[in-house]
Colleague: 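Take this structure first; my questions come after.
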Amino acid sequence: MRFTLRKFAIVSAAAAITIMMAHAASAQPDPRSKPAAPAPPVVVKGKTSALPKMVFFGGGDSERSIKVDPKINISLCVMQGNVKVNGWDRNEVRVFVSSGTTVGFRVQQKNQKTGDPVWIMVLPDSGEKNNFIPSGECVSGDEIEIDAPVNATLNLKGQEVSFVVDGIRRVGIKNAGGDISLRNISDGINATTYRGDLTVEQSSGAMNLENTSGNILAFDASPSEIGDIFRAKTTSGSISVQKIAHRQIEVNSISGTVAYNGDILNGGSYRFGTSNGSIKLWLPETSSCMLTASYGFGAFSSDIPYKLATENITPGPVKNIAATLGKGGDASLRLTTNNGSISIKKQQ
Amino acid sequence: MKQDCLDIGIIQAFLDGELDHVQTARVSGHIATCDACASMLAEAEDESAVVFPALEREFNTLVPTQRLWTRINDSIAVERENRPFWQKAWAFLSVGLMSPSMAAAAALIIVFGITALVMIDRQPAAVNTAKNVTPVVTSPVKPVVPTEVSTVTPKADPDSATIKTDEQPVRAERAVYSEPKRAVFKQPSDPTPTAAADTQNTYLPGEENYLRTIASLSQSVQNQKDATMRGSERISFERDLAVVNDAIDKMRVEVKKNPKNESAKQVLYASYQNKIDLLSSVSQKEELVASLR
């Protein structure tokens with residue numbers, strides 16, 4: 001009995017395999033038959049990009065707006081495109097996407113008194129109510145324009161994105177590749193791009209600018225509170241800093257020139273460094289500070305008179321100068337380069 | 001110009017990050033001491049600063065070079081060799097079964113095989129039923145009891161001991177000994193040799209922490225950098241790493257020579273920090289890209 005059952009099972013399995021094989025054989029397309037026509041390509045209007053175009057959810061233009069608290073916090077993730085954010089005097093956020101994702105808003109938090117959103121996320125919208133695409137929270141498009149209240153805070157993430165932000169209170173950006181340009185940011189910047197240039201103009205607050213492969217240019221910036229720090233760092237690129245009114249400035253590059261054109265304020269701490277490049281400073285003729293300069297291969301020169309305290313310029317990988325620039329004072333200026341020259345010139 | 005001055009081709013290769021670590025260190029060392037070569041390097045850098053932005057688009061199109069093709073082909077060959085047997089078999093079968101006639105033939109072979117198995121299976125079954133099968137009794141294996149430890153000669157071979165038993169001839173068994181784990185600091189696995197390697201146990205205050213961090217970051221970056229960085233970024237990264245390593249090496253030597261040189265110490269710490277920042281940037285970019293997926 002047991003053996004009969006075993007035989008039956010084996011024969012059944014053989015029959016099943018035979019049927020499956022026959023089915024698989026019949027499922028193969030006949031090599032002589034004409035192949036099916038390919039699906040029409042998705043055509044996305046707009047400028048071309050080096051990256052392959054993604055199929056956007058929607059693919060056309062979309063615009064959404066929402067009434068919000070004046071101090072709204074906006075989070076947005078962008079895969080590809082040009083993002084322009086502009087501050088306006090309305091308590092409303094408007095998002096326009098050209099040739100890209102259909103967007104919507106997800107309210108993360110509301111003001112308990114007014115009921116207005118204080119934190120929103122801009123997300124791809126499937127069109128159905130409360131049904132956002134679960135797999136990705138990033139939008140794409142040729143042009144993405146956002147109008148937001150001037151007191152808004154932006155948290156942006158991007159993959160291949162060019163960001164331009166103007167007239168917003170606070171900005172945090174992380175971009176894998178693409179330029180970042182920030183103007184009129186009133187209360188602090190934290191911006192990182194791993195490939196591309198980073199530009200900051202007419203802004204105030206604490207600033208942390210980081211760049212892996214690209215230049216940093218900061219122009220006309222000031223602290224919004226006492227103790228705000230200006231920090232700029234790139235691994236492969238030059239840094240140019242002009243008219244910065246922060247009292248604590250840290251600028252560092254690994255391969256690139258560092259240039260500073262501005263004042264040395266009382267009580268300030270200024271550090272400029274590069275591993276492989278020159279350091280050039282343009283300072284007012286009346287500048288006063290305690291100066292420390294370390295350099296390896298290269299030379300030190302100053303158009304502003306200085307009084308040497310210690311000097312070690314014997315041949316070797318480190319030459320060192322400690323001096324009083326002008327009348328001295330309580331500001332400190334530290335300059336370090338391993339392979340490059342240091343020059344201090346008078347402002348024109 | 002000295003007689004042993006560098007060729008402009010070597011300087012250009014140094015700038016482009018095409019030299020290996022040894023050559024890079026040699027060129028860096030030479031440039032640090034040779035004004036003529038340093039000025040040639042500066043000129044080449046200036047030229048690159050003009051040329052690279054103009055050609056950036058072309059560089060970023062990632063045209064595969066012959067070297068890249070060779071590497072890709074090598075990788076494919078290695079992967080093929082390392083593929084498990086069942087994967088190879090499956091690949092062979094799946095290709096063979098694409099043809100309907102092959103599929104039908106395979107089905108027939110399987111049916112024939114199963115039938116043959118059934119037929120073969122029937123014969124021993126019949127024999128089993130006819131015979132009065134006596135159960136096979138397997139004698140339990142007696143445990144080996146060491147009665148006498150004849151010789152333990154740690155001097156001759158500290159890892160082995162000879163054990164004599166009643167039932168078995170004398171045989172040598174390997175004594176199992178594992179050293180207690182000690183908290184030993186591992187040198188960084190960074191392929192670029194730094195001067196830290198030759199100054200064992202003479203770390204400056206806090207230097208060990210820097211080295212430990214660099215070692216762990218280097219390991220993760222080694223796995224990530226191919227996937228994370230484009231060609232031009234990779235070149236910049238390798239060049240920056242060489243610059244930082246060179247600075248670290250020089251400062252280590254200087255500090256070793258003159259431990260009171262505070263400037264050298266500060267530059268050394270700054271260089272360590274630069275290296276950490278450089279390595280971290282790769283991991284951070286990888287994290288950012290992963291968070292966007």
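Bear in mind the structure is a predicted one, so any value in this text is a computation, not a measurement. Reminder, nothing fancy here: chain letters follow the sequence lines and each chain counts from 1.
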Colleague: Hey, are the side chains of S294(A) and Q266(B) touching, using non-hydrogen atoms and a 4.5 Å cut-off?
Modeller: no

Colleague: Look at G237(A), G340(A), A176(A), S213(A) and state which one has the largest set of heavy-atom pairs under 4.5 Å with chain B.
Modeller: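 Ranked by heavy-atom pairs under 4.5 Å with chain B, first place is A176(A).
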
Colleague: Between CG of L241(B) and CD1 of I254(A), what distance do you get to the nearest 0.5 Å?
Modeller: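 Interatomic distance, L241(B) CG to I254(A) CD1, rounded to 0.5 Å: 8.5 Å.
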
Colleague: For T235(A), is it the side chain, the backbone, both, or neither that has a heavy atom closer than 4.5 Å to a heavy atom of chain B?
Modeller: both

Colleague: How many angstroms lie between atom CG of L278(B) and atom OG1 of T212(A), to the nearest 0.5 angstrom?
Modeller: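 The OG1 atom of T212(A) is 8.0 Å from CG of L278(B), to the nearest 0.5 Å.
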
Colleague: Show your reasoning for whether side-chain contact (heavy atoms from CB on, under 4.5 Å) applies to N274(B) and N252(A).
Modeller: CA-CA 9 Å; N274(B) 280 341; N252(A) 192 54; 2.7 Å; yes

Colleague: Measuring heavy-atom distances to chain A, does S28(B) have an atom under 4.5 Å in its side chain, in its backbone, in both, or in neither?
Modeller: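 The answer is neither part of S28(B).
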
Colleague: Is R271(A) atom CZ crowded by more than 12 heavy atoms from other residues, nucleotides or ligands, each under 6.0 Å away?
Modeller: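 At most 12 heavy atoms, drawn from other residues, nucleotides or ligands, come within 6.0 Å of this atom.
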
Colleague: Which bit of K233(A) comes within less than 4.5 Å of chain B, counting heavy atoms only: side chain, backbone, both or neither?
Modeller: side chain

Colleague: Nearest 0.5 Å please: distance from the CD atom of E210(A) over to the OG atom of S281(B).
Modeller: 9.0 Å

Colleague: Can you tell me how far CE of M251(B) sits from CG of N338(A), rounded to the nearest 0.5 angstrom?
Modeller: 5.0 Å

Colleague: If you measure from NZ on K174(A) to CD on Q284(B), what distance do you get to the nearest 0.5 Å?
Modeller: 6.0 Å

Colleague: Search all heavy atoms of F297(A) against all heavy atoms of D35(B) and return the closest pair with its distance.
Modeller: CE1-OD1, 3.3 Å

Colleague: Say you draw a straight line from OG of S236(A) to CD1 of I235(B); how long is it, rounded to the nearest 0.5 Å?
Modeller: 10.5 Å

Colleague: Taking every non-hydrogen pair under 4.5 Å, which of E233(B), E262(B), E254(B) racks up the most with chain A?
Modeller: E233(B)

Colleague: Show your reasoning for whether side-chain contact (heavy atoms from CB on, under 4.5 Å) applies to N276(A) and E45(B).
Modeller: CA-CA 11 Å; N276(A) 190 21; E45(B) 265 183 331; 3.8 Å; yes

Colleague: Any chance you could lay out the side-chain contact (heavy atoms from CB on, under 4.5 Å) test for V289(B) and Q159(A), step after step, and finish with the verdict?
Modeller: CA-CA 7 Å; V289(B) 172; Q159(A) 182 152 351; 4.3 Å; yes

Colleague: Please list, chain by chain and in numerical order, all residues satisfying side chain to side chain contact (heavy atoms under 4.5 Å, CB included) with S283(B), sequence neighbours excluded.
Modeller: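 For S283(B) the side chain to side chain contact (heavy atoms under 4.5 Å, CB included) partners, ignoring immediate neighbours, are L217(B), S220(B), V221(B), Q224(B).
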
Colleague: For I109(B), check side chain to side chain contact (heavy atoms under 4.5 Å, CB included) against everything at least two apart and list the hits.
Modeller: none

Colleague: Under 3.5 Å, is there a donor-acceptor pair between the S291(B) and K157(A) side chains?
Modeller: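 Side chains of S291(B) and K157(A): pair found under 3.5 Å.
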
Colleague: Give me the atom names and distance for the closest heavy-atom approach of G158(A) to L288(B).
Modeller: O-CD2, 4.1 Å

Colleague: Please determine whether side-chain contact (heavy atoms from CB on, under 4.5 Å) holds for the pair L292(B) and M79(A), giving the CA-CA distance in whole Å, both sets of side-chain angles, and the decisive distance to 0.1 Å.
Modeller: CA-CA 7 Å; L292(B) 293 168; M79(A) 290 299 285; 4.1 Å; yes

